[in-house]
Each structure stands twice: as C-alpha cells, then as structure tokens.
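Treat the numbers as computed from the prediction; the structure is a model and nothing was measured.
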Amino acid sequence: MKKKRTLGVILVGGSLRLLGRLPLGWHRWWGRRLGGFIGNTLHYRNDVVMANLARSFPDKQYGELKQISGKFYRHFATTLTEMLWFGACRGERGRKRLHRSHIVEFTNPGELNRLYSGARQLMILQAHTGNWELIGGIRNYSYGESMLITPEAFAVTYNSLSSGLWDQIMADNRTAPVQDQGFDGYVETNQVLRFALSKREQKFGYSFITDQFPYTYGTHPVVDFMHQSTETMTGATALACKLDMAVGYLRYRCREDGGYTMTIVPICEHAAGEDPLDLMQRYFRLLQEDLEYQPWNYLWTHKRWKKR
C-alpha cells in the first residue's frame with residue numbers, strides 16, 4: 001500500500017538509487033568483502049549462526065560448520081548489495097536491465113502458469129533463501145514462456161520495520177520494477193486477511209515468506225524442521241485453504257556464477273479441505289531438502305529456534 005514519502009525518504013532513497021546504478025558485478029565484489037567484515041571483524045551474531053548450524057547439521061564437524069558460516073556471511077552481505085542494485089531497476093529501462101542481468105532465472109514458468117490457471121488463486125510459499133529481496137521482479141526472470149501473473153494481480157507480504165524511514169525505503173526498493181505497472185499489493189502481515197478477502201473473486205497470486213519464528217505470542221503448532229521441533233505460523237496456508245488456492249513452494253537456489261534459480265514446486269492444486277499444518281510440514285520438508293543441498297543458503301542469523 002502506498003505511503004506519502006517524507007523528505008528523509010526522498011533524500012536517502014535517492015542516494016541509494018544512485019548507488020544502485022553501478023554495475024551488478026561491482027555490488028557483488030563489495031558484497032563478498034562486506035561479508036568477511038561482518039562475520040570476521042564485527043562477529044555479527046556469530047554465536048547464533050554457529051548454534052543454528054550445529055543443531056541443524058548434527059553430523060557435521062566444527063571445521064565444516066565454520067566453512068558453512070563463512071560462506072553464509074558472504075552470501076548474506078551479497079544479498080544486501082544486490083538489493084541496492086535491484087532498487088535502481090525502475091521503469092521499462094530498469095526492467096530490461098533486470099532481465100538482461102540474468103540475476104535470477106525461473107526454471108519452470110510453465111508449471112507456475114499451470115498452477116495459477118488451474119485454481120482461482122495461487123499461494124507461493126518462500127523462505128529466506130536465494131535473494132529473497134528480489135521477488136518483486138519475478139515476471140522478469142522468465143527466459144522462455146511468459147508468466148501469466150501480472151503486477152496488478154500479485155501481492156507480497158512484509159513485516160513493518162520500527163523505523164518509518166527505512167520501512168518506506170525498503171518498500172520502494174522491493175517493488176522497484178513494478179511501481180509503474182499498477183502494482184498495489186505490498187501488504188503488511190496484519191492486513192493480509194482483509195486484503196485477500198477484498199480480492200477473493202479475482203484471479204490473484206500471493207507470495208509469503210513464512211519460515212520465521214512466529215510473530216505473535218501464545219501457543220503455535222509445531223513441525224519437524226532441520227531435526228528440531230519448530231514452532232510455525234499457519235496463516236498463509238490457512239488463508240489458502242479458506243479461499244481454495246493452489247499452493248506452491250518457491251525453490252530458490254544459488255548458481256555457481258553468483259546468480260540464482262527459482263523453481264516452483266507444487267504442494268497442492270486445491271487447498272480446500274487440506275490441513276494448514278500438513279501443508280506447512282510439506283513446505284518445511286522441501287526447505288530442508290534445499291538447506292541440505294546448499295547449507296549456506298539461508299538466513300542463519302535469524303533466531304529461528306529461540307525460546308520465549
């Protein structure tokens with residue numbers, strides 16, 4: 001949802017967009033070096049990262065975990081610098097720049113179209129893998145069949161930041177390629193139900209990042225994830241069941257050349273009558289497969305298994 005821009009947002013956001021015009025290779029070069037600084041000099045959440053890795057990969061030795069940790073910090077910092085580059089991909093020229101870069105390649109747009117066409121609406125469940133900040137450019141990542149989902153019929157959810165200035169800057173950055181294409185689906189999590197009910201009679205797609213520790217206090221259902229009992233949120237899958245959406249998992253992996261691949265993996269084609277918790281368990285099973293394949297490709301600084 002659009003908010004009025006303050007002077008601070010205009011000045012800071014404008015400066016970041018100028019920085020974002022520098023080549024993608026430059027941003028990645030600095031990202032790799034920033035990752036070393038964050039992990040080895042600042043020691044940013046080193047204890048959290050190592051504890052998460054040790055519990056998630058109990059068969060790995062300390063030396064292996066340290067290697068994964070180092071690779072994670074480089075990946076993490078690169079997602080930040082790539083995000084700055086992405087924020088400058090605005091308008092038709094910016095979308096062409098995004099497409100030419102091959103920063104993300106969607107491997108099976110036909111499968112995404114099939115899920116979207118076969119149900120009234122589509123729920124895409126994703127996680128903090130790949131570069132999760134780039135989802136707003138999804139239509140530019142197909143190099144074969146065009147995607148049927150349009151910007152005016154697509155929504156991404158987010159958790160608002162405590163700083164109003166950075167909350168707006170992040171909103172502008174995440175939606176940079178679609179701001180001139182009728183997109184109005186940047187929806188705060190506590191407004192999602194109302195928003196979805198207003199769109200229930202329309203063909204629509206949603207993207208939810210739903211791997212976090214539950215936002216709210218109270219009792220939450222538990223799934224098995226990375227060899228641990230894990231509290232989870234079922235808001236996205238409950239909404240999918242209520243509105244009989246198709247549900248897909250967004251597999252988001254790193255390529256050797258520094259880019260990413262997106263692949264849609266069907267979870268169910270009609271969610272009515274499904275158990276929301278069972279859908280979440282299927283989602284976490286797929287996510288675990290990805291983390292076992294690329295252990296560094298996750299937001300390990302997140303306190304996913306903290307105690308209340």
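- Between the side chains of Glu111 and Asn108, no donor N or O sits under 3.5 Å from an acceptor N or O.
- Separation of atoms NE2 (His302) and CG (Asn52) is listed at 8.5 Å; rounding is to 0.5 Å.
- With hydrophobic clusters built from ILVMFWY side chains whose heavy atoms lie under 4.5 angstrom apart, Tyr143 does not share a cluster with Ile264.
- Clustering ILVMFWY residues whenever any of their side-chain heavy atoms sit less than 4.5 angstrom apart, transitively, puts Leu197 in the very cluster that holds Phe204.
- Hydrophobic clustering keeps Leu18 apart from Leu11 (ILVMFWY residues linked when any side-chain heavy atoms are closer than 4.5 Å, directly or through intermediates).
- Defined by atom type and a distance below 3.5 Å, a donor-acceptor pair is present between the side-chain atoms of Asn190 and Glu188.
- When only modelled atom types and interatomic distance are considered, Thr107 and Thr263 share a side-chain donor-acceptor pair under 3.5 Å.
- Between the side chains of Asp211 and Tyr298, at least one donor N or O lies within less than 3.5 Å of an accepting N or O.
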Take Arg74 and Arg33 through the side-chain contact (heavy atoms from CB on, under 4.5 Å) test and state the conclusion after the steps. CA-CA 7 Å; Arg74 290 191 294 275; Arg33 280 142 189 83; over 6 Å; no
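- A heavy-atom distance below 4.5 Å is not found between the side chains of Leu291 and Trp296.
- Val48 and Leu299 are members of different hydrophobic clusters when ILVMFWY side chains are connected at heavy-atom separations under 4.5 Å.
- Looking at Arg90, Arg93, Arg95 one by one, the single match for salt bridge (charged side-chain N to carboxylate O under 4.0 Å, His left out) with Asp180 turns out to be Arg95.
- Checking Tyr186 against Gln179 by side-chain atom types alone, no donor-acceptor pair falls below 3.5 Å.
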May I have the step-by-step check of side-chain contact (heavy atoms from CB on, under 4.5 Å) for Arg304 and Thr230, ending in yes or no? CA-CA 8 Å; Arg304 184 60 187 86; Thr230 304; 3.3 Å; yes
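- Sorted by first and then second residue, the pairs that involve residues 279-298 and meet salt bridge (Lys or Arg N to Asp or Glu O under 4.0 Å), not counting sequence neighbours, are Arg251-Glu289, Arg251-Asp290, Arg253-Asp290, Glu274-Arg282, Asp278-Arg282.
- Counting only N and O atoms by type, the side chains of Trp132 and Thr79 include no donor and acceptor under 3.5 Å apart.
- Hydrophobic cluster membership differs between Phe284 and Val222, with clusters built from Ile, Leu, Val, Met, Phe, Trp and Tyr side chains linked at under 4.5 angstrom.
- A donor atom on one side chain and an acceptor atom on the other are not found under 3.5 Å apart for Asn297 and Tyr260.
- More than 12 non-hydrogen atoms from other residues, nucleotides or ligands lie less than 6.0 angstrom from CD of Gln202.
- Side-chain N/O atoms of Asp224 and Gln281 include no donor and acceptor closer than 3.5 Å.
- No more than 12 heavy atoms of other residues, nucleotides or ligands sit less than 6.0 Å from atom CH2 of Trp30.
- Both tests do not hold together for Arg28 against Trp26: distance to the six-membered ring centre under 6.0 Å, angle to the ring axis within 45°.
- Between Gln121 atom CD and Met245 atom CE the span is 4.5 Å, to the nearest 0.5 Å.
- Interatomic distance, His75 NE2 to Arg32 CZ, rounded to the nearest 0.5 Å: 13.5 Å.
- You'll find the side chain of Asp244 reaches within 4.5 Å of the side chain of His270, heavy atoms only.
- Stacking of Lys203 on the aromatic ring of Tyr116 is recorded, both the 6.0 Å distance cut-off and the 45° axial limit being met.
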